[in-house]
2 protein chains.
Amino acid sequence: MARPPKENAPITEHLAYLLAQANREINRQLELRLSKEGVPVEQWRILKVLSDGEGHSMGELAEAVLLNHPTLTKMIDRMVSDTLVYRVQDPNDRRKVLMFISDRGKALCKKLNSLAVDQEEHILESYGDKSTSELKRLLESLIDSSN
Amino acid sequence: MARPPKENAPITEHLAYLLAQANREINRQLELRLSKEGVPVEQWRILKVLSDGEGHSMGELAEAVLLNHPTLTKMIDRMVSDTLVYRVQDPNDRRKVLMFISDRGKALCKKLNSLAVDQEEHILESYGDKSTSELKRLLESLIDSSN
DNA sequence: CTTCAATTGTTGAATATTCAATATTTTCAA
DNA sequence: TTGAAAATATTGAATATTCAACAATTGAAG
């Protein structure tokens, strides 16, 4: 029967710490690959979400790409300058802004996807198929149970 | 046999994204608890690492608490002002600074530990003993395989 | 209808983080 | 022993993030 860590347990026994550590490491590797195109991880996420071709509101996007609103606004400003995405006011609710991906954005996203898949292949090799899919399953379930 | 996500797979199938999402969620919960004492998660980590009573160099600490050097230096500055920790020059290598936890820091750390254990108990309840320990095992192993 | 609260997104100031440069000390090869 | 390279920590400027306040629009109760 599992117990929570004792009060004086080392920090490495805490789930919060293990998640932070793993996230940092994997993120660093991904960052390294994406830097080949000079794009931060968050922008790849944005492009990926928008690449369904649908319009997504800022709130929806912020949730999906794990950024809070003001940070997203400013990152989108940059991406608009780079003509990777564009804004359209939602005709059904004029408080909202719908974000779309441009052709240039789609082209870039394609390259980034390939770099990201490279990384996952690398993880599969060193970490193993079984562990990877089991870890993904457990993470999904943890996220579910936290809502 | 597991495959990496396809190029056009949704972002939610990427390990990097699932880790980021889980980390964000768990971290947010922990943050919420620790905010009762007005302490950011990183400071709890620092106090916890130092609470072995040994002196730890800045580089060692930075590695352990997942912060890069300049960020750590500035956070330590604040904690020194709050008299939670103090600096001592390493007599064996005068390039190094050894960090120690103060009595006040120990007292605070104790309260924080209890809040953190509360959280893990809460996770155990909603997520399950089995899943939690299996997830920890897989995360440790992922971290290992990334070095 | 009208008004007031809630929702959505942006802005500006305050804060925090990062990058590059620096200072100090140690290591080590010549 | 000396001088150059490496290791360690800090600093300051540039950048990014966050918080609180704001503006615009919608929803909904009276």
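The figures that follow rest on heavy atoms only: side chains count, while hydrogens, waters and symmetry mates do not. Lettering of chains follows the sequences in order, A, B, ..., and the numbering in each one begins at 1.
A side-chain donor-acceptor contact under 3.5 Å links A:Thr71 and A:Asn68.
Whole-Å rounding puts the A:Glu42 CD to D:dT18 C1' distance at 15 Å. Regarding B:Ile76, its CD1 atom lies at a distance of 16 Å from the C1' atom of C:dT17, rounded to whole Å. C:dA16 atom P lies 12 Å from atom CG of B:Asp77, rounded to whole Å. Rounded to a whole Å, the CG atom of A:Leu67 is 14 Å from the P atom of C:dG9. We find that CG of A:Leu66 is positioned 19 Å from P of D:dA16, with the value rounded to whole Å. One can place CE of A:Met79 at 16 Å from C1' of D:dA16, the figure rounded to the nearest angstrom. Atom CG of B:Asn92 and atom P of C:dT26 are 10 Å apart (whole Å). Note: NE2 (B:His69) to C1' (C:dA23) measures 16 Å, nearest angstrom.
Each of A:His56 and B:Gln89 has a nearest nucleotide on DNA chain C; the 5'-most of these lies closest to A:His56. Residues A:Arg95 and A:Pro70 each lie close to DNA chain D; by heavy-atom proximity, the contact nearer the 5' end of the strand is made by A:Pro70. Nucleotides of DNA chain D nearest to B:Lys96 and A:Met75 differ in position, and the one nearer the 5' end is that of B:Lys96.
B:Phe100 and B:Tyr86 have parallel rings, their planes meeting at less than 30° on a 0 to 90° scale where 60° marks the start of perpendicular.
Within the 4.5 Å cutoff, side-chain heavy atoms of B:Ile123 are placed close to those of A:Leu15. For the pair B:Ile26/B:Leu30, no side-chain contact is recorded, criterion being any heavy-atom separation below 4.5 Å from C-beta on.
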- Message: What verdict does the salt bridge (charged side-chain N to carboxylate O under 4.0 Å, His left out) test give for A:Glu31 and A:Arg28, after you've listed the backbone C-alpha separation in whole Å, the side-chain angles of each residue and the deciding distance to 0.1 Å?
- Response: CA-CA 5 Å; A:Glu31 211 165 44; A:Arg28 176 155 34 205; over 6 Å; no
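Within the 4.0 Å cut-off from OP1 or OP2 of D:dT18, at least one side-chain nitrogen or oxygen of A:Thr71 is found.
Side-chain to base pairing of B:Lys74 with C:dT18: one donor and one acceptor N or O lie within less than 3.5 Å of each other. For D:dT25, the base has no donor-acceptor partner in the side chain of A:Arg94 [N/O atoms by modelled type, under 3.5 angstrom].
Nearest to the side-chain atoms of A:Asp93 among the listed nucleotides D:dT26, C:dT18, D:dT10 stands D:dT26. Among the nucleotides C:dT10, D:dA16, D:dT10, the one closest to the side chain of B:Val97 is D:dT10.
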